[in-house]
Amino acid sequence: MAAILPPDPMIQTRDTMTNESPQDTPLTIDGTTYNSRLLVGTGKYASWEQARDAIEASGSQMVTMAVRRTNLGQNPDEPSLLDIVSPEKYTLLPNTAGCYSAKDAVRTCKLARELLDGHNLVKLEVLGDEKTLYPDVTETLKAAEQLIDDGFRVMVYTNDDPLIALKLERMGCIAVMPLGAPIGSGLGIQNRYNIRTIVENASVPILVDAGVGTASDASLAMELGCDGVLMNTAIAEAKDPVRMAGAMRKAIEAGRDAYIAGRMPKRAYASASSPLDGTFF
Amino acid sequence: MNIILNGEKTEVGETASIQTLIERLELTGRRIAVEVNEEIVPRSEHDSRQLAPGDQVEIVHAIGGG
């Protein structure tokens with residue numbers, strides 16, 4: 001009998017006594033159901049056309065945007081982000097990128113709500129350090145509280161600390177988005193056991209936000225049980241962003257299917273795939 | 001009178017509403033949001049809200065971001 005390795009906390013194996021194929025349910029955020037579990041950013045693209053084509057290829061239905069000062073005196077015919085990424089076609093997720101205090105983040109969210117005619121879904125991120133762009137958790141908690149009190153629906157970027165993730169959920173954040181690695185680093189998921197624990201504890205969607213570098217990183221996030229992945233640089237800084245967007249779409253779907261299907265257990269030794277009965281030699 | 005518009009000292013004449021400022025900046029019809037002294041001025045109040053000397057006005061729009 002082949003030795004079965006001790007259970008790996010990383011791996012969720014299916015109950016082999018039931019042969020029913022588990023059903024997946026689509027991602028639901030703030031009452032809206034999404035067929036795609038990939039959320040993409042709109043920054044760092046070489047052109048609007050490239051951004052539009054990459055977003056299209058990604059299959060994403062929710063895209064992030066930033067709020068910045070209008071360039072006064074700019075060409076009035078120049079297209080704006082909202083011409084490229086229509087709020088009729090996509091759910092827009094304004095972010096608070098660049099904010100280093102709860103005050104700035106709350107201000108940014110209020111401007112975004114005004115900009116988008118009362119749309120109150122936001123991605124909260126409060127950064128603490130320019131080198132790592134790590135979240136400032138105490139400011140994030142403070143901002144989340146104020147925003148929730150003011151009627152915002154908050155999807156929150158945080159570190160991969162399971163206790164903080166749970167705290168943010170209990171405060172009323174509608175999705176928690178732990179980093180896989182620092183923003184824009186492309187290092188992949190560095191602390192998979194923490195991501196796994198965050199998913200196990202959660203009753204709101206958990207999305208890995210930041211750190212994905214290539215398709216296998218996205219698949220891993222989904223195999224860990226995450227509800228989705230948010231990425232920007234991995235697509236925008238690929239040599240061919242449109243092709244990478246398609247790769248990410250497939251990686252997210254493959255990872256999710258593998259998670260739902262339930263992987264086989266790992267064994268220390270081989271297990272023959274062809275029957276040993278009926279051999280003629 | 002002078003106001004601070006997107007961080008720059010700007011002369012806007014003797015009287016001006018948010019709406020007239022938007023028109024002068026050729027931003028009419030564009031998707032923007034306006035804040036005066038760190039408080040949102042809703043679109044419905046652009047016409048009626050008069051600027052005062054030294055007001056800090058921010059006019060923002062959506063750009064690409066992650």
Side-chain angles (χ1 to χ4, degrees), chain A residues 39-45 48 51 55 63-78 80-85 87 92-98 103-104 106-118 123 125 133 157 183-184 209-210 230-236, chain B:
Chain A
L39 286 68
V40 295
T42 52
K44 297 184 177 174
Y45 285 99
W48 286 126
I55 294 165
V63 302
T64 61
M65 49 158 266
V67 178
R68 291 291 181 271
R69 282 175 169 162
T70 302
N71 297 319
L72 301 173
Q74 71 178 357
N75 175 6
D77 297 326
E78 190 187 328
S80 85
L81 177 75
L82 299 179
D83 299 325
I84 305 300
V85 183
L92 285 171
L93 185 59
N95 70 25
T96 62
K103 180 178 176 255
D104 287 348
V106 170
R107 227 178 125 188
T108 302
C109 289
K110 287 179 178 175
L111 280 164
R113 181 165 62 185
E114 167 68 12
L115 191 57
L116 298 174
D117 305 316
K123 172 187 158 178
E125 58 179 292
L133 297 180
Y157 167 70
I183 293 169
D209 178 4
L230 197 167
M231 64 179 77
N232 190 151
T233 312
I235 296 174
Chain B
M1 72 178 159
N2 286 309
I3 60 165
I4 308 294
L5 175 60
N6 284 6
E8 302 280 336
K9 194 171 158 185
T10 309
E11 164 62 40
V12 291
E14 280 316 296
T15 57
S17 66
I18 299 287
Q19 189 56 43
T20 53
L21 180 64
I22 289 170
E23 284 163 15
R24 273 180 224 164
L25 294 167
E26 297 181 1
L27 293 173
T28 311
R30 295 184 68 91
R31 300 194 70 141
I32 52 169
V34 180
E35 191 191 55
V36 176
N37 302 331
E38 301 192 8
E39 292 290 335
I40 299 290
V41 180
R43 213 158 296 163
S44 58
E45 294 171 20
H46 285 185
D47 236 353
S48 57
R49 175 66 183 261
Q50 295 296 314
L51 292 167
D55 272 350
Q56 296 203 26
V57 181
E58 294 289 342
I59 302 181
V60 302
H61 68 155
I63 64 155

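Naming convention: chains lettered A, B, ... in sequence-line order (proteins, then strands); numbering from 1 in each chain.
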**Q.** Proximal component of E38(B), with respect to chain A [non-hydrogen, under 4.5 Å]
**A.**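 When you check distances to chain A, atoms from both the backbone and side chain of E38(B) fall under 4.5 Å.
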Q. For I40(B), is it the side chain, the backbone, both, or neither that has a heavy atom closer than 4.5 Å to a heavy atom of chain A?
A.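 Only the side chain of I40(B) comes within 4.5 Å of chain A.
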[atom1] of [X] to [atom2] of [Y]: how many Å apart, nearest 0.5 Å?
X	Y	atom1	atom2	answer
E8(B)	L72(A)	CD	CG	9.0 Å
H61(B)	L111(A)	NE2	CG	12.0 Å
D83(A)	R31(B)	CG	CZ	9.0 Å
N71(A)	N6(B)	CG	CG	9.0 Å

Q) For the residue pair A66(A) and G64(B), what are the closest heavy atoms and their distance? A)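 Result for this residue pair: CB-O, 4.0 Å.
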Q: For R30(B) and S80(A), work out which heavy atoms get closest and say how close.
A: NH2-CB, 4.5 Å
Q. Which residues from residues 47-56 of chain B are near chain A, with near meaning under 4.5 Å between non-hydrogen atoms?
A. none
Q: Report, by ascending residue number, the residues of residues 9-17 of chain B in heavy-atom contact with chain A at a distance under 4.5 Å; give 'none' if the set is empty.
A: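 At a heavy-atom separation under 4.5 Å, chain A is reached by no residue of residues 9-17 of chain B.
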Q. Under 3.5 Å, side chain of R43(B) to main-chain N/O of E114(A), donor-acceptor pair present?
A. yes
Q) What part of K123(A) is in contact with chain B, defined as an atom under 4.5 angstrom from a non-hydrogen atom: side chain, backbone, both or neither? A) side chain
